[in-house]
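Read through the structure below, which is laid out as structure tokens, and then see the notes.
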Amino acid sequence: MRYRGVVHSALDAIVVIDESGRIREFNPAAERVFRWKREQVLGLEVAEVIVPPEFRDAHRQGFKRHLLTGVSTILDRRLELTAVRAGGDRFPVELTVTRSDSGAAPYFTAFIRDLSEHKRLMAEVAYHARYDVVTGLERYSILEPRMIRAVEEGGGFAAVIFVNLDRFHGINGSIGHRNGDEVLRAVGMRLQSLANQHIAVCHFASDEFVVVQQGGDSAAAVGLAEHIRNLLSMPFEVERYRVLLTATIGVSHAPAHGRTALDLLRHAQAAAERGKNLGRDCVCSFQTEDMQDIEDRILMGGLLRQAAQSGEFALHYQPKFCAFDRRLTGFESLLRWTSPSFGKVPPDRFIPVAEGLGLMPEIGAWVVREACRQIREWLDAGYAGFTVAVNVSPQQLRRPGLHRAVGDALKEYRVPPEMLEIELTESTMMENLGRVQAELGALKALGAQLTLDDFGTGHSSLTYLKHFDLDKLKIDQTFVQGLPNSALDASVTRAILAVARDLGLQVVAEGVETTEQAAFLRELGCDELQGYLLGKSAPAVVAESYFAPIDAELDR
Ligand code: C2E
Ligand code: MG
Ligand code: MG
């Protein structure tokens, strides 16, 4: 044969047969694929060697017909067939046969490619498209079309149960990812044990699962969700660890909560989100308000990005007074957003959204600048001896750059730094002690005053105060509310004042609404008072009126 070298080194198996169907050439690739040695098969009929027994007759007839009539169904085409190896093992091949008439008699060359590996990979890809690698459960994308059919076509009742494992990344962190995967697999198996013709289970994402129940009613769906919560609360044994899990579960159902799979899923997720805020480890059924949060995030988010540039933000100012001589000591600036589409949005609603989007450093920088601009305006108008407090969100403290924004604003408006108070919230100060200490140190070095806001509501103990160089504590309004009658609130307030005195800190009380509260706080030695009794927050032009001597409201 002229192309022996090529045939010898070809990657495809090449088998040449003569007009009697006998093997004349069998290259090394063919030896590998069919597991015959060339010497063993040369001269044998090809049908006997590589064609599975049940196709041999058909092969012979087709071959004979071709030699007689010249007609062929296989020549020069790519075919996928089953072949057989030495030992009888069958496998898929891709085959192309060409005829050559250059010699005295025709001969045929078959190019054969083993497709086993290719097929195996295809099957694996198809498997992974369908099943989650870790849990072995079907993926949500596979369940969803079925869910859509059930919900959209079938009508009737269907429930979507969204299962979110609580603090799972913490588990991964403590026992390692490999063991974490084992736990997820075990969770998957427990959930899968619930599957039947009415209940389908799938993996949604990392530590989230979706269970769909068809038929039944809302009580049954919540019952199933509670059952799942119990099922997952039993310990998981992985290696030498005993892992205890809890799950937060949201439930929604059709038709009441939606008629599309997507709506039901989103609503079950929203319900689970509320469960998380309620402290996790619980089952929550969807309520319309659950969507508020999520819609806020989506709709407000986009609008908040431009709000600062579009002049939609404003600062209002709430006055603070000396508890003893009722002198105005300054103002707390409170951010107000008037959105063209939402109207007036309270800060408790939009600030968490802005935090979530990472917009607080930018918005906070605007607040600081605006407060400094206002201080300058008041100074220029001849007012003196007051401070303005700005609230700083946890995110502003976590990221570098706050002190720079403050320093720039102070400089730009030539504001004496001690006129600016920074109000920090307690809860996140301990999260990143080193970072926060550095940032607070830098603010302190500028000369600004530091106040710890909402004091008493955080999780930390009083002793951690010594980690920070603070000037003032602000007693949270929830304690002030109960004064003077609630013994508990009174003793908390007393304790805070005693600690503050020991540490040489000033104390301001917020949310003072009654004269009794004011009198009680003054008696205990609280330095400053703030609250509706003394003045609500108002735009600067209105707040300005507090600079004039105020009535003896406190004595009444
Ligand atoms: P906060 O810093 O503790 O502010 C005090 C809140 O209590 C203000 O609500 C104020 O209007 C309200 N308040 C004042 N006196 C009384 C009273 O006598 N009774 C009652 N019931 N409430 C009183 P506001 O303005 O809705 O602000 C809520 C929270 O939003 C603030 O709590 C603060 O955490 C946050 N916030 C406001 N402005 C900003 C800001 O510029 N930046 C950041 N990061 N947070 C801000
Ligand atoms: Mg505040
Ligand atoms: Mg407060």
Side-chain angles (χ1 to χ4, degrees), residues 304 307-308 312-321 329-338 344-374 387-399 402 405-406 409 420-429 439 443 449-458 470-483 489 507-518 521 526 528-540 542-543 546 553-554:
L304 273 170
E312 294 165 19
F313 285 133
L315 288 185
H316 281 194
Y317 297 86
Q318 186 177 27
K320 297 185 290 173
F321 299 92
T329 53
F331 300 90
E332 175 176 8
S333 69
L334 293 159
L335 186 57
R336 299 291 176 255
W337 180 32
T338 309
K344 284 186 182 6
V345 190
D348 289 334
R349 209 171 134 207
F350 73 80
I351 287 177
V353 179
E355 281 254 325
L357 293 170
L359 296 173
M360 272 325 278
E362 197 184 319
I363 294 174
W366 179 87
V367 168
V368 169
R369 252 190 109 233
E370 174 59 15
C372 287
R373 194 198 57 74
Q374 188 59 56
T387 62
V388 170
V390 292
N391 290 284
V392 158
S393 83
Q395 191 168 71
Q396 287 172 269
L397 267 190
R398 277 197 296 266
R399 303 213 182 146
L402 176 63
V406 170
L420 187 70
E421 267 183 59
I422 311 275
E423 290 195 8
L424 314 149
T425 47
E426 184 184 4
S427 49
T428 46
M429 286 181 51
E439 191 64 47
L443 287 169
Q449 297 197 58
L450 300 182
T451 301
L452 193 49
D453 201 356
D454 304 336
F455 188 68
T457 57
L470 298 167
D471 299 286
K472 208 184 272 184
L473 297 183
K474 193 179 237 192
I475 303 178
D476 190 65
Q477 45 184 287
T478 52
F479 299 113
V480 174
Q481 261 162 32
L483 299 179
D489 288 346
V507 178
V508 51
E510 70 180 347
V512 179
E513 293 182 355
T514 68
T515 47
E516 290 77 19
Q517 290 165 350
L521 286 159
C526 183
E528 273 178 288
L529 303 176
Q530 176 186 354
Y532 293 166
L533 174 71
L534 305 137
K536 292 196 169 181
S537 65
V542 178
Y546 290 106
E553 187 80 271
L554 295 174

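Residue numbers run from 1 in the order of the sequence given. All ligand and atom numbering here is 1-based and tracks the order in the structure.
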Checklist entry - Under 4.0 Å from any heavy atom of V392, which atoms of ligand 1 are there? => result 44 (N)
Item to check | Minimum heavy-atom distance between E423 and D453, given as atom pair plus value | outcome: OE1-OD2, 2.9 Å
Checklist entry - OD1 (N391) to the Mg ion (ligand 2) to OE2 (E332): angle, nearest 10 degrees? => result 90°
Checklist outcome for this item: Within the 4.0 Å heavy-atom cut-off, what K536 brings close to ligand 1 is neither
Checklist entry - What part of I351, side chain, backbone, both or neither, has a heavy atom within less than 4.0 angstrom of ligand 1? => result side chain
Checklist outcome for this item: Note: I363, heavy atoms under 4.0 Å from ligand 1, region reported as neither
Item to check | Heavy-atom nearest option to atom 28 (C) of ligand 1, drawn from D453, L529, D348 | outcome: D348
Checklist entry - Are any of the heavy atoms in G511 under 4.0 Å away from ligand 1? => result yes
Checklist entry - Could a heavy atom of Q481 be found less than 4.0 Å from some atom of ligand 1? => result no
Checklist entry - Checking only N/O/S atoms, does D453 have one that is under 2.8 Å from the Mg ion (ligand 2)? => result yes
Item to check | Heavy-atom proximity to atom 15 (N) of ligand 1, best of H316, E510, Q318 | outcome: Q318
Next on the checklist: Regarding E423, does it place an N, O or S atom less than 2.8 Å from the Mg ion (ligand 2)?
Outcome noted: yes
Checklist entry - For atom 20 (C) of ligand 1, which of E332, Q530, E513 has the closest heavy atom? => result E513
Checklist outcome for this item: ligand 1 atoms nearer than 4.0 angstrom to some heavy atom of M360 are 44 (N)
Checklist entry - If every non-hydrogen atom of A405 is compared with every non-hydrogen atom of A365, which pair is closest and at what distance? => result CB-CB, 4.2 Å
Checklist entry - Between CD of E510 and CG of D476, what distance do you get to the nearest 0.5 Å? => result 5.0 Å
Item to check | Closest contact, heavy atoms only, C526 versus V507 | outcome: SG-O, 3.6 Å
Checklist outcome for this item: Taking only non-hydrogen atoms of G531 and a 4.0 Å limit, the atoms of ligand 1 in range are 15 (N), 18 (O)
Checklist outcome for this item: ligand 1 to V512, heavy atom cutoff 4.0 Å, flagged ligand atoms 18 (O)
Checklist entry - Can you name the one residue among R336, Q530, E332 that meets side chain to side chain donor-acceptor pair (under 3.5 Å) with S537? => result R336
Checklist entry - Where does R336 meet ligand 1, judged by heavy-atom distances below 4.0 Å: at the side chain, the backbone, both, or neither? => result side chain
Checklist entry - Is the Mg ion (ligand 2) less than 2.8 Å from at least one N/O/S atom of T425? => result no
Next on the checklist: So if I count the atoms of ligand 1 from 1 in the order they appear, which ones are less than 4.0 Å from some heavy atom of S393?
Outcome noted: 44 (N)
Next on the checklist: Taking distance alone, with N or O pairs closer than 3.5 Å, would you say P347 contacts ligand 1?
Outcome noted: no
Checklist entry - Hey, what's the ring geometry for F331 with Y317, parallel, tilted or perpendicular (30° and 60° as the breaks)? => result perpendicular
Next on the checklist: What's the separation between atom CG in L335 and atom CG in L315, rounded to the nearest 0.5 Å?
Outcome noted: 6.0 Å
Checklist entry - Closest approach of E355 and S393, non-hydrogen atoms and distance? => result OE2-OG, 2.6 Å
Checklist outcome for this item: Heavy-atom closest pair (L534 atom, Y546 atom, distance to 0.1 Å) is O-CE2, 3.7 Å
Checklist outcome for this item: Rounded to the nearest 0.5 angstrom, the CH2-CE distance for W366 and M360 is 11.0 Å
Item to check | Salt bridge K320-E421, side-chain N to carboxylate O under 4.0 Å | outcome: yes
Checklist entry - ligand 1 versus V367, non-hydrogen atoms closer than 4.0 Å: side chain, backbone, both, neither? => result side chain
Checklist entry - Angle class for the F313/W337 ring planes (parallel below 30°, perpendicular above 60°, tilted otherwise)? => result tilted
